[in-house]
Engineer: 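Structure incoming, see below.
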2 protein chains.
Amino acid sequence: MARTAYHHGDLQQQAHQQALDIVREHGDSAISLRALARQLGVSAPALYRHFADRESLLAELAISGFEWLRQRLLSVDQSDSRQALIGIGLAYVAFAQQEPNLYRLMFGGRVLPQGVHPRLDEAGKNAFQVLEDTIASASECGYLKPMPLALMTATAWSLVHGLSLLTIDGHLPAADTESHLAEGVTSLLLDGAIATPPNSKNNEDTP
Amino acid sequence: MARTAYHHGDLQQQAHQQALDIVREHGDSAISLRALARQLGVSAPALYRHFADRESLLAELAISGFEWLRQRLLSVDQSDSRQALIGIGLAYVAFAQQEPNLYRLMFGGRVLPQGVHPRLDEAGKNAFQVLEDTIASASECGYLKPMPLALMTATAWSLVHGLSLLTIDGHLPAADTESHLAEGVTSLLLDGAIATPPNSKNNEDTP
DNA sequence: TATTTAAGTTAACGGTGTTAACATTGGCAT
DNA sequence: ATGCCAATGTTAACACCGTTAACTTAAATA
């Protein structure tokens, strides 16, 4: 449908873009369908021709965020196992720090519960898949200890997810040393925290 | 002021308790000052005698949550360094899993930004202090590698925070094996993930 | 060309947080 | 004991919000 005095012509995409800008700048709570329609020179119910409700619009924005994150993670160099693991972690945390409001929308949990928007769930899984593949590759190369893959992926994801949220919420200090912190944190996971070498009896799979 | 037909007598505390119940059951987005006043048999503006605004009420609830979490962490056995560290991690994640809505309110970030409610910030710091003290104790005992204390605390907190949020948001599977997952994750941090012993040259403080 | 259908409109419902102006009353100083 | 004051309630109103119903425009299609 072409542009007219009556028909906007390109709502949906323009609404998506404008809403994405608002979320990136002011967070998802700043999204108001009425205000959004006002900015686009259109009546509020017009948006309902393109989005089922406010939450569905937010889900679309989160999908964009996950696809964006996935591209960032895909562009990490995968030649060396250790550098790939640390690089993925750094890229993940960097994305969250550069797009804190978008990241919070993607992983808010409360505003966008899982199992409601299937395409959103899929987009999230696709992004996570990159991290999972990197870990699986490092495991197959023998770089990692023998352990269930799910344990390592859960640990790595928890670490970068937690670090991302704590830093963007201001619970961890030092904005300038953030990347150093992220590198130290991921390295610490790989090397272990305890002083005694893990040779004696802390492998629970081979007692 | 005593109870009367006109004066409620115990608003503030009853509002706090009722709101806390609602948040625990349905999340912070279910808190409506008008509905809350309705349930307490009082007019909506009456609540403004006791809470500056909706956000301040939520901040009070979050403070309760942090004090609760702190008590849970304080009751962890501290005799053995390793068991103390793992126990703190398990208690932390268990709290988040048992009170997911309250935990999300405490660490939402978007609904309760840091630096706005000083008493809330202090309550959060007090809870975090328990984890920090446990790590400092283990470090002084020589159980941990020599490293900046801030690095270890940031890593540990990131790990349990991320694991908490990922599980309560349904991003990690298996509700029944959650505690096993939490234990595996924390152990993995202590022992390290890589197969080769960390003897060669991965201490960045002593090159 | 006639008709269906996609995409916009206005009007309205019920809900929200919040403020202003006013009413009640317990507790304290005289 | 009494009179005042501050604490704590009240109602009315403002400016929003998401959402739906009923209607209009105009593009696409048969």
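Everything quoted here is computed from the prediction, not taken from an experiment. Below, chain A is the first sequence line, B the second, and so on; all start at residue 1. Computation of the quantities below employed the complete heavy-atom set of this structure, encompassing side-chain atoms and omitting hydrogens, waters and symmetry-equivalent molecules.
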Engineer: Rounding to a whole Å, what distance do you find between B/Gln13:CD and D/dT8:P?
Structural biologist: 14 Å
Engineer: With the side chain counted from C-beta on, respond yes when A/His50 and A/His16 share a heavy-atom pair under 4.5 Å apart, and no when they do not.
Structural biologist: no
Engineer: How would you label the contact of A/Ser43 with the nucleic acid (heavy atoms, under 4.0 Å): base, sugar-phosphate, or nothing?
Structural biologist: base
Engineer: When you measure from the side chain of B/Thr186 to the backbone N and O of B/Ala182, does any donor-acceptor pair fall under 3.5 Å?
Structural biologist: yes
Engineer: It should be established whether B/Ser32 places a side-chain nitrogen or oxygen under 4.0 Å from OP1 or OP2 of nucleotide C/dG15.
Structural biologist: no
Engineer: Does anything in residues 14-32 of chain A form a salt bridge (Lys or Arg N to Asp or Glu O under 4.0 Å)? List the pairs, not counting sequence neighbours.
Structural biologist: A/Arg24-A/Glu99, A/Asp28-B/Arg110
Engineer: Looking for any heavy atom pair under 4.0 Å, which part of the strands does B/Ile31 touch: base, sugar-phosphate only, or nothing?
Structural biologist: sugar-phosphate
Engineer: Using atom OH of B/Tyr48 as one end and atom P of C/dG17 as the other, report the distance to the nearest whole Å.
Structural biologist: 6 Å
Engineer: Looking across every strand, which nucleic acid part, if any, lies under 4.0 Å from B/Arg49 by heavy atom: base, sugar-phosphate, or nothing?
Structural biologist: base
Engineer: For C/dG15, does the base pair up with any side-chain atom of B/Arg34 as donor and acceptor (N or O, under 3.5 Å, distance only)?
Structural biologist: no
Engineer: Name the residue closer to the 5' end of DNA chain C, choosing between A/Gly41 and B/Pro45 according to the nucleotide with the nearest heavy atom.
Structural biologist: A/Gly41
Engineer: Report yes or no: does B/Arg119 contribute a side-chain atom to a donor-acceptor pair with the main-chain N or O of B/Ala59 at less than 3.5 Å?
Structural biologist: no
Engineer: Provide, to the nearest angstrom, the distance between the CZ atom belonging to A/Phe51 and the C1' atom belonging to C/dG8.
Structural biologist: 15 Å
Engineer: Roughly, in whole Å, what's the span from CG in A/Leu47 to P in C/dA7?
Structural biologist: 13 Å
Engineer: Side chains of A/Phe107 and A/Leu165: closer than 4.5 Å at any heavy-atom pair?
Structural biologist: no
Engineer: Over its full length, what angle do the end axes of the helix from C/dT1-D/dA30 to C/dT30-D/dA1 make, each axis taken from five pairs and the result rounded to 10 degrees?
Structural biologist: 0°
Engineer: Roughly how many Å is it from CG in A/Leu33 to C1' in C/dG15, rounded to a whole number?
Structural biologist: 15 Å
Engineer: I need the CG-P distance between B/Asp53 and C/dG17, as an integer number of Å.
Structural biologist: 11 Å
Engineer: Does any non-hydrogen side-chain atom of B/Arg104 lie less than 4.5 Å from one of B/Ser29?
Structural biologist: no
Engineer: Atom CG of A/Leu36 and atom C1' of D/dC16: how far apart are they, to the nearest Å?
Structural biologist: 16 Å
Engineer: Taking NE2 from A/His50 and P from D/dG18, how many angstroms apart are they, rounded to a whole number?
Structural biologist: 17 Å
Engineer: Counting distance only, does the side-chain N/O of B/Ser164 pair as donor-acceptor with the main-chain N or O of B/Val160 below 3.5 Å?
Structural biologist: yes
